[in-house]
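Encoded as structure tokens, the structure appears first; notes follow it.
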Amino acid sequence: MSSNVSRETLASVLDEIALLLEIEGENPFKIRAYRQGAETVRSYDGDIVAMAREGELEGIKGIGKALQDKLHELATTGTLGFHQNLRGNYPETFFELFEIDGLGPKKVAAVHKKLGIDSIDGLRKACEASELAALSGFGKKTEQKILEAIARREQFADRFHLDAAAHAASVILARLKEHPDVLRAQYAGSLRRSKETVGDLDFIVATSKPAELTRYFAEMDLTDHVIVHGDTKCSIHLENGLQCDLRAVSNDEYPFALQYFTGSKEHNVALRSRALKQGLSLNEYGFSGSSEIPEVHEERDIYSALGLDYVDPALRENRGEIEAAEAGTLPELVSWEQLCGTFHNHTTASDGRDTLHEMAEAAIDLGLTYLGIADHSKSSFQARGLDEERLLTQIEEISAWNSEHGESLRIFAGSEVDILKDGSLDFDDSLLAQLDYCVASVHNAFTLDEKTMTQRIIRAMENEHVTMLGHLTGRLLLKRDEYAVNHDKIIDCAAETRTIVELNCNPRRLDMDWRWWKKARDKGVRCSINPDAHRTEQFQYLRFGADVARKGWLRKQDVINTMNLEEVEAFLALPKSSR
DNA sequence: GCCGTTTTCGGCCCGACTGTTTTCAGTCG
């Protein structure tokens, strides 16, 4: 009776059960219970896999008796009889069908039952042979839309990196604000909440002419094609496949629509149930109900009407922010303007595009007062990592810069030193001691098991010369999964050894993940927001870094690069154990 | 299937839009 299932396995089995129950036409509330169970498993703050294995799940909201038993069976045996029975003979490809826009459980069930379709490939062939239009509830247009959705799915990713989404959003938002009938406009959704990747963009405009605005949106030159177009909402795809939704509402409704479409869904559910207890019903258009209706002009008025402090959009994930808003204990979050410098940046010495001088000038232009250079070490030969000799030369070069231009920008000499497979470092301690600081990162042997990988990283953190840990999990968003590492143990070790943990704010990484920062912060772990810039423009990533740090509940005092130059120099001069 | 300051039974969000209908079911957010 032992197995090694992951948290994600537990959650995705519950999700798959929900999908299969939908196909069977089960009670929608039962289906929702499984979905919420999956979400609870994903976001639970504790080792829920061990708890499931030990049968200690009682008392977790959203996991009742039935789900407790199922999770226990899954965690101990690795499979779940109920799930296996439900799955029956559906092949793995069957579940792809739900990824097609416009296809829901009812339509999937129909094509499966009537035409025996169990893959996207089969669906395409049936559409091309006009077999679908013969089914009741289907027609020519449905076939056409399905074919388009299949083609789009093959051509484009279904999620986008934060920088691409933020760029598109700023362009479209500017376009909306240009319109003379727009009173207020903002983007909402997961971008406003600074999620690590974005599935679509949501825009809210306040206007007295909603139909005019949805027409304007549909006819923008940025619009590749229109998905839906009504009097108050319009959805389009951009050329790059990114879906954008517009909601046009009255000025009075605007704060409610902005709040509602910013989400998260979980945050909104909690907010609405709180409203109900006060005799108020809350939806995307306003308050209603038996109690006196509060006056609302801004989003923050909605929160204060419910007896809550204003909750920053980044925190709206129903992970304790509503309780903190009620108690008046929400953190004062770090902001981008508070960042005085940055560590972990590359130059042409290793795999950067711009020279030390170009990077320095760009940092000055951005208003930074210090800049950490951390080029790769020799084992990262694919990145032209520096050997001992070249690193010593770079230290001299930096020293020369500081003598000449130190008034405008202090450069710190560092290294992004490889953590080798056994946890030792790519340079000797004697060389590391000559640096101002050092970032230690894993760049190879990604497939070690969790225990070995965790031990490897811990050994590196125990080195007194390792100032900070680079991109903890090595994930590349939308491209490469994180390697196996025990976050809890790393966080404990970072607290103990006074090792700073990097928030790598390259939008392809955003690593360590925002979900872990509050726990790390509460244990006294400090964060360094690092752009991992390989070219001057990438200093702009610091903005995403501050957004994601906010999402992780971080305050100014938790982030070392909010220190001014004098403070950070004094900090780095201290022995590691006293920092 | 879950939950409890309306409750251990009876709720659980619902409005906008589309396509296929001929008054509405399905999907999405």
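Every chain is numbered from 1, with letters handed out A, B, ... down the list of sequences.
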Glycosidic conformation of dT22(B), syn or anti, with 90° from 0 as the boundary? anti
Aromatic plane relationship, Tyr303(A) with His267(A) - under 30° parallel, 30 to 60° tilted, over 60° perpendicular: tilted
Pick base, sugar-phosphate or nothing for Lys145(A), based on heavy-atom distances below 4.0 Å to the nucleic acid. sugar-phosphate
Determine the contact category for Lys61(A): base if any of its heavy atoms lies under 4.0 Å from a base atom, sugar-phosphate if only primed atoms, P, OP1 or OP2 are that close, otherwise nothing. sugar-phosphate
In whole Å, measure the gap between the P atoms of dC28(B) and dT22(B) for me. 24 Å
Parallel under 30°, tilted from 30 to 60°, perpendicular over 60°: which one fits the rings of Phe82(A) and Tyr34(A)? parallel
If we take the P atom in both dC12(B) and dT7(B), what is their distance in whole Å? 14 Å
Nearest-nucleotide check on DNA chain B, Val228(A) vs Lys265(A); residue mapping nearer the 5' end is Lys265(A)
C1'-based separation of dG1(B) from dT8(B) [nearest Å]: 14 Å
Mind calculating the distance between CG (Asp200(A)) and P (dT27(B)) to the nearest angstrom? 19 Å
Between Phe29(A) (CZ) and dC12(B) (C1'), how many Å, whole number? 4 Å
Please say whether the positively charged group of Arg300(A), taken as NZ for Lys or CZ for Arg, lies over the ring of Tyr310(A), i.e. under 6.0 angstrom from the six-membered ring centre and within 45 degrees of the axis. yes
If we check side-chain hydrogen bond (donor to acceptor under 3.5 Å, both in side chains) with Thr197(A), which of these qualifies: His161(A), Arg508(A), Arg159(A)? Arg159(A)
From the set dA16(B), dG26(B), dG29(B), return the single nucleotide nearest to any side-chain atom of Lys233(A). dA16(B)
On DNA chain B, compare the nucleotides closest to Lys107(A) and Lys65(A); which residue's is nearer the 5' end? Lys65(A)
Output the rounded distance in Å from CG (Asn268(A)) to C1' (dC28(B)). 16 Å
I need the CG-P distance between Leu103(A) and dA25(B), as an integer number of Å. 19 Å
Under 3.5 Å, is there any donor-acceptor pair linking the side chain of Asp202(A) to the base of dG29(B)? no
Can you check the distance between dG26(B) and dT20(B), where both ends of the measurement are the C1' atom (answer in whole Å)? 11 Å
Would you mind classifying the nucleic acid contact of Ile31(A) as base, sugar-phosphate or nothing, using non-hydrogen atoms under 4.0 angstrom? nothing
Euclidean distance, atom CD of residue Gln36(A) to atom P of dC3(B) [Å, nearest integer]: 9 Å
Suppose you measure atom P in dC13(B) against the same atom in dT23(B); what distance do you get, rounded to whole Å? 30 Å
Please determine, for the side chain of Leu67(A), which listed nucleotide (dG1(B), dG19(B), dG26(B)) has the closest atom? dG1(B)
Determine the interatomic distance between P on dA16(B) and the same-named atom on dG11(B); round to the nearest Å. 25 Å
Atom CG of Asn283(A) to atom C1' of dC12(B): distance rounded to whole Å? 17 Å
Determine whether the aromatic ring centres of Phe203(A) and Phe261(A) lie less than 6.0 Å apart. no
Taking dG26(B), dG1(B), dT20(B) as options, the one with an atom nearest any side-chain atom of Lys141(A) is dT20(B)
Of the candidate nucleotides dT18(B), dA16(B), dC12(B), which contains the atom at the shortest distance from the side chain of Thr232(A)? dA16(B)
Any side-chain N or O of Tyr285(A) below 4.0 angstrom from OP1/OP2 of dA16(B)? yes
How long is the line joining CZ of Arg247(A) and C1' of dC14(B), in whole Å? 11 Å
Arg272(A) vs dC12(B): side-chain N/O to OP1/OP2 distance below 4.0 Å: no
Report the relative orientation of the aromatic rings in Phe98(A) and Phe94(A); use parallel for angles under 30°, tilted for 30 to 60°, perpendicular for over 60°. perpendicular
Is it the case that over 12 heavy atoms from other parts of the model lie below 6.0 angstrom from the CD atom of Glu332(A)? no
Proximity of Tyr90(A) and His112(A) rings by center, below 6.0 Å: yes
For Pro105(A), which contact category applies under a 4.0 Å heavy-atom criterion: base, sugar-phosphate, or nothing? sugar-phosphate
Looking only at dC2(B), dT20(B), dA16(B), the nucleotide nearest the Ala33(A) side chain is dC2(B)
Under 4.0 Å, heavy atoms only, any strand: does Gln243(A) hit a base, just the sugar-phosphate, or nothing? sugar-phosphate
Base, sugar-phosphate alone, or nothing: which one does Asp231(A) contact when heavy atoms must sit under 4.0 Å apart? sugar-phosphate
For Phe261(A) and dC13(B), give me the distance from atom CZ to atom P, rounded to whole Å. 16 Å
Under a 3.5 Å limit for both distances, which nucleotide forms a Watson-Crick or G-U wobble pair with dG29(B), could you say? dC14(B)
With a cut-off of less than 4.0 Å, is there a side-chain N or O of Ser235(A) near OP1 or OP2 of dC28(B)? no
Asp101(A) near the nucleic acid: base, sugar-phosphate alone, or nothing, with a heavy-atom cut-off under 4.0 Å? sugar-phosphate
